[in-house]
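Okay, so here's the structure we're looking at.
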Amino acid sequence: MKPLIAGNWKMNGLAASLLEVEKLGGLMGGRAPADRDVLICPPATLLAALAARAGAYGVFAGGQDCHPAPSGAHTGDISAEMLADAGARFVIVGHSERRADHGETDALARAKAEAALRAGLTPIVCVGETRAQREAGEAEAVVARQLAGSLPQTGVFVVAYEPVWAIGTGLTPTLEDIGAMHAFIRDRAGPEARILYGGSVKPANAAGILAVANVNGALVGGASLKAEDFHAIIAAASP
Ligand code: PGA
């Protein structure tokens, strides 16, 4: 399965940050490696400009969220069709920060994933337990519930396993725990879904994580903001 290395810039980046895309293109020798997919999900304000630049290097652009409806009276929201029109090929849905900051439910994540498919985008559906849930031995039950409620009923999708306690903290599960959860997700998401690991992926730990069975790529936050770090993670993803 072709690995997908996805950068999630979150609420970071101004026009000057597009220079990182040029830098990344240079570090890759002008073209993303053919044996892996590289994706950057910038803030919506930069999506069209980033998509135009990234395309020249074979790098995909994606959204960080979308509204379930194609258009309408939803001030401040952006539809999957609009993301596609701006050059996106993927969209993240159900990220734990959206679930926490905006009270997003599994049902809403599913509606967004189905909107993405309707617009011709590939949804990246995020799941993952909190520290308290892991310590209570509930990690698998939580992820099972999120998958059952959030995955689209049909179509090609990507799953991102992102333990909430590993995001932005520098902490990661053991490789054994990552392997166990990815095998658990594989059983539920099916043989075709790429399953990304996310949460404090850095140049120093990427090769180890990406070599774990059923880890088909990474969703990278902080380390995707710097071209050198993101490039090192892309380079670590040998198919
Ligand atoms: P991080 O974020 O790499 O900064 O931990 C990952 C994510 O939330 O997608």
Side-chain angles (χ1 to χ4, degrees), residues 3-13 17 20 24 37-44 46-47 50 59-66 83 88-104 109 112-113 116 121-131 133-134 139 142-143 146-147 150 157-175 177-178 181-182 185 193-210 212 215-237:
L4 170 62
I5 306 300
N8 173 11
W9 283 11
K10 309 191 178 183
M11 197 172 75
N12 298 290
S17 313
E20 293 300 316
L24 177 66
D37 287 334
V38 179
L39 166 68
I40 299 175
C41 300
L46 295 180
L47 180 60
L50 186 138
V59 171
F60 297 116
Q64 297 179 9
D65 178 48
C66 66
L83 296 175
R89 297 280 298 274
F90 293 80
V91 59
I92 299 167
V93 301
H95 191 282
S96 63
E97 289 156 11
R98 303 273 333 158
R99 292 176 187 261
D101 294 354
H102 301 276
E104 294 197 3
K112 292 179 175 197
L121 303 177
T122 301
I124 301 175
V125 183
C126 301
V127 297
E129 80 286 356
T130 63
R131 170 170 292 286
Q133 289 165 333
R134 175 156 287 267
V142 167
V143 168
Q146 291 173 332
L147 292 169
S150 311
F157 56 83
V158 174
V159 178
Y161 169 56
E162 299 205 302
V164 177
W165 53 273
I167 295 175
T169 58
L171 303 172
T172 53
T174 63
L175 297 182
D177 284 346
I178 292 174
M181 187 61 88
H182 278 240
I185 294 171
R194 286 190 280 194
I195 308 173
L196 314 184
Y197 169 79
S200 296
V201 176
K202 308 288 177 201
N205 62 18
I209 291 171
L210 290 164
V212 174
V215 173
N216 312 117
L219 183 52
V220 185
S224 71
L225 296 170
K226 286 251 169 306
E228 289 84 358
D229 287 353
F230 194 46
H231 178 253
I233 294 167
I234 295 165

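Every number for a ligand or one of its atoms is a count from 1 in the order of the listing.
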Close side-chain approach of D37 to L39, heavy-atom, < 4.5 Å: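 No. Closest side-chain heavy atoms not under 4.5 Å.
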
Any side-chain heavy atom of I40 within less than 4.5 Å of one from S224?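 No, their side chains stay 4.5 Å or more apart.
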
A223 near ligand 1 by a heavy-atom separation under 4.0 Å: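 No, that is not the case, since the closest heavy atom of the residue is not under 4.0 Å from the ligand.
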
Would you call G198 a ligand 1 contact, heavy-atom distance under 4.0 Å?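 Under 4.0 Å: no for G198.
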
Specify the protein heavy atom at minimum distance from [atom]: its residue, its atom name, and the distance to 0.1 Å.
atom	value
atom 2 (O) of ligand 1	K10 NZ, 3.2 Å
atom 4 (O) of ligand 1	G222 N, 2.8 Å
atom 3 (O) of ligand 1	G221 N, 2.8 Å
atom 9 (O) of ligand 1	E162 OE2, 2.7 Å

Between G168 and ligand 1, does any nitrogen or oxygen pair lie at a separation below 3.5 Å?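 Right, the criterion is met.
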
Between ligand 1 and S200, is the shortest N or O to N or O distance under 3.5 Å? yes

P43 pairs by side chain to side chain contact (heavy atoms under 4.5 Å, CB included) with which of Q64, K10, M11? Q64

So how far is it from T122 OG1 to F157 CZ, rounded to the nearest 0.5 Å?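 Going from OG1 on T122 over to CZ on F157, the span is 11.0 Å.
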
For Y161 and H182, take the angle between the two ring planes, folded into 0 to 90°, and tell me which bin it lands in: parallel under 30, tilted 30 to 60, perpendicular over 60.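 Judged by the thresholds at 30° and 60°, the geometry between Y161 and H182 is perpendicular.
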
Going by atom types only, do Q133 and T130 share a side-chain donor-acceptor pair under 3.5 Å? yes

Region of N8 that comes within reach of ligand 1 [heavy atoms, distance under 4.0 Å]: side chain

State whether the side chain of N8 and the backbone N or O of G221 hold a donor-acceptor pair below 3.5 Å, judged by distance alone. no

